[in-house]
Amino acid sequence: MQHISTTPFGRRPVAAGHLAQRALAEAPLPATAPDKWAILRDLTAARAAFGISDRDLAVLSALVSFHPHLQLAEGDGTIVFPSNAALGERTHGMAESTLRRHLAALVRAGLVLRHDSPNGKRYAARGMDGGLAVAFGFDLRPLLVRATEIAAAAEAARAANLRLKRLRESVVLRLRDASKLIAFGEELGGNWDALADRARLMARCLRRKLDAGALEALGLEAADLLEAVNARLSPVESEEMSGNALESERHIQDSNRLLSESEPSSEQEGLAEAEAPEPDRAVPKLPLYLVLKSCPDLLDYAPHGVDSWHELVGVADFVRPMLGISADAWREARATMGDGAAAVTLACMLQRASEIRSPGGYLRSLSAKAAAGGFSPGPMVMALLRADNTRAA
């Protein structure tokens, strides 16, 4: 009767772990045998749960490659018997001493079993029928026996990694919004140093690899920072597009109605259509992504998206006739505000088009304020963002 020993060869003593290994050697095989490479992929995801490193997995992958079948339960059993030289070739020249260390780690983790021969060599003997009668080497049976356990650990590890990724994304987005809004606030004036320092310190924390608990705590801190920044910006929004502001602008338009505003000539319109947007003369300090976030209706007229201020000016120039704004009013706005600021203003007007009775007159009044140094499109953008946040809440 053939006996396969689970005790080590040479001077290595029997330890408590050998009893567990013997239990693995005698455990029944599962009814279905999964792909051996699928087991290895799951083990790669769950390597931390089994206490093995990427180098250990490289050696295990080399061992698995010596098994001739796709499923470990097929054919001539689950024992492979490569020499150290052959293993070294399949691990891209790994030193023999390093191989021994990683093989020992795989045995300790209960992922492979040693079946040492009487002389400690790895080999196989064939029977009279030509099939393998006995083999001495490394048994991959634990991979098959523990396949369900490995798959469950891999699923848990992937879920944990996905949660970490989402937590990190949330922190990064909040810090980005806070940093951009702080930069915008500094342009408006005031002392923002304390908030800017908090944002920089939190961004520095993200350079490290943080666990879920640390990321949750950082996320709460980032949310608190963003709330403080928004609260600080609220008093600055004096140009908010409220109903009262709209009423006053409507009154200005009605009492100072211009012929060029109400009935633009076909010659003027043809000239405006032929004009291409000029290169940006003044890029607003407001982040472009924040403008697009507050004015999503503008993107309906930009099938390829808006990636630069120049493209924003081009889309605004395209949308302008649809709002009933004459070429003359648009030229005046670009001349007084700058191309970028005029485009932002028009995007905000498009977003609130249903509330503006006379867009041409409204734009002319804003141009007059800009000429006197009393208008910036930033508060309009912030007002739209706050209104959107209020609806979402």
Side-chain angles (χ1 to χ4, degrees), residues 3-10 12-30 33-92 94-124 132 134-154:
H3 172 70
I4 299 295
S5 173
T6 56
T7 58
F9 170 78
R12 297 194 303 274
V14 174
H18 287 95
L19 301 179
Q21 292 171 14
R22 186 169 66 184
L24 283 173
E26 296 172 355
L29 293 176
D35 185 319
K36 64 184 182 183
W37 299 114
I39 298 175
L40 201 62
R41 284 194 295 271
D42 285 343
L43 190 57
T44 300
R47 63 185 181 274
F50 291 89
I52 55 175
S53 67
D54 53 348
R55 298 293 298 278
D56 298 333
L57 282 168
V59 175
L60 180 59
S61 179
L63 283 175
V64 169
S65 71
F66 283 98
H67 190 275
H69 303 288
L70 191 59
Q71 280 81 27
L72 294 175
E74 290 182 348
D76 301 321
T78 57
I79 299 177
V80 293
F81 39 89
S83 66
N84 283 344
L87 268 177
E89 288 178 0
R90 295 205 183 180
T91 52
H92 309 288
M94 187 179 289
E96 190 170 323
S97 59
T98 307
L99 272 175
R100 291 198 193 96
R101 187 170 68 252
H102 293 303
L103 288 169
L106 292 171
V107 172
R108 284 195 304 273
L111 297 173
V112 297
L113 300 176
R114 287 184 186 272
H115 289 314
D116 288 344
S117 67
N119 63 0
K121 301 293 184 182
R122 298 174 207 146
Y123 62 87
L132 282 181
V134 63
F136 296 100
F138 292 101
D139 193 350
L140 302 176
R141 181 188 181 95
L143 293 178
L144 194 56
V145 172
R146 304 180 71 182
T148 303
E149 177 191 353
I150 292 171

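Just so you know, residue 1 is the first one in the sequence shown, and it goes up from there. Hydrogens, waters and symmetry mates are skipped; everything else that's a heavy atom, side chains included, is used. What you see is a predicted model, and the numbers here were worked out from it, not measured in a lab.
- The backbone N or O of Gly110 sits less than 3.5 Å from a side-chain atom of Arg146, completing a donor-acceptor pair.
- In this structure, Asp56 has no salt bridge (Lys or Arg N to Asp or Glu O under 4.0 Å) partners at least two apart in sequence or on a different chain.
- Between the side chain of Ser61 and the backbone N or O of Ala58, no donor-acceptor pair lies under 3.5 Å.
- Listed here is the closest heavy atom pair of Leu111 and Leu143: O-CG, 3.7 Å.
- Legend: residues meeting side-chain hydrogen bond (donor to acceptor under 3.5 Å, both in side chains) with Asn84, ordered by chain and number and at least two apart, are Glu96, Arg122.
- Here the shortest heavy-atom pairing between Val59 and Thr91 reads CA-CG2, 4.1 Å.
- Taking the side-chain contact (heavy atoms from CB on, under 4.5 Å) definition, one finds that Ala154 meets it with Asp42, Ala45, Ala46, Arg158, sequence neighbours left out.
- With hydrogens and angles ignored, the 3.5 Å screen pairs no side-chain donor or acceptor of Arg47 with any backbone N or O of Leu57.
- With contacts defined as side-chain heavy-atom distances shorter than 4.5 Å, the pair His67/Leu72 qualifies.
- Lys36 approaches His69 most closely through the heavy-atom pair NZ-O, 2.8 Å.
- Residue Ala62 comes nearest to Leu87 through the heavy atom pair CB-CD2, 3.9 Å, listed as atom of the first residue, atom of the second, then distance.
- Here the closest heavy-atom approach between residue Ser65 and residue Arg90 is recorded as OG-NH1, 2.9 Å.
- Test Val80, Val64, Leu106, Ile79 against Val112 for side chain to side chain contact (heavy atoms under 4.5 Å, CB included) and you get one pass: Leu106.
- Residues Thr98 and Arg101 form a side-chain contact, since some pair of their non-hydrogen atoms from C-beta on lies under 4.5 Å apart.
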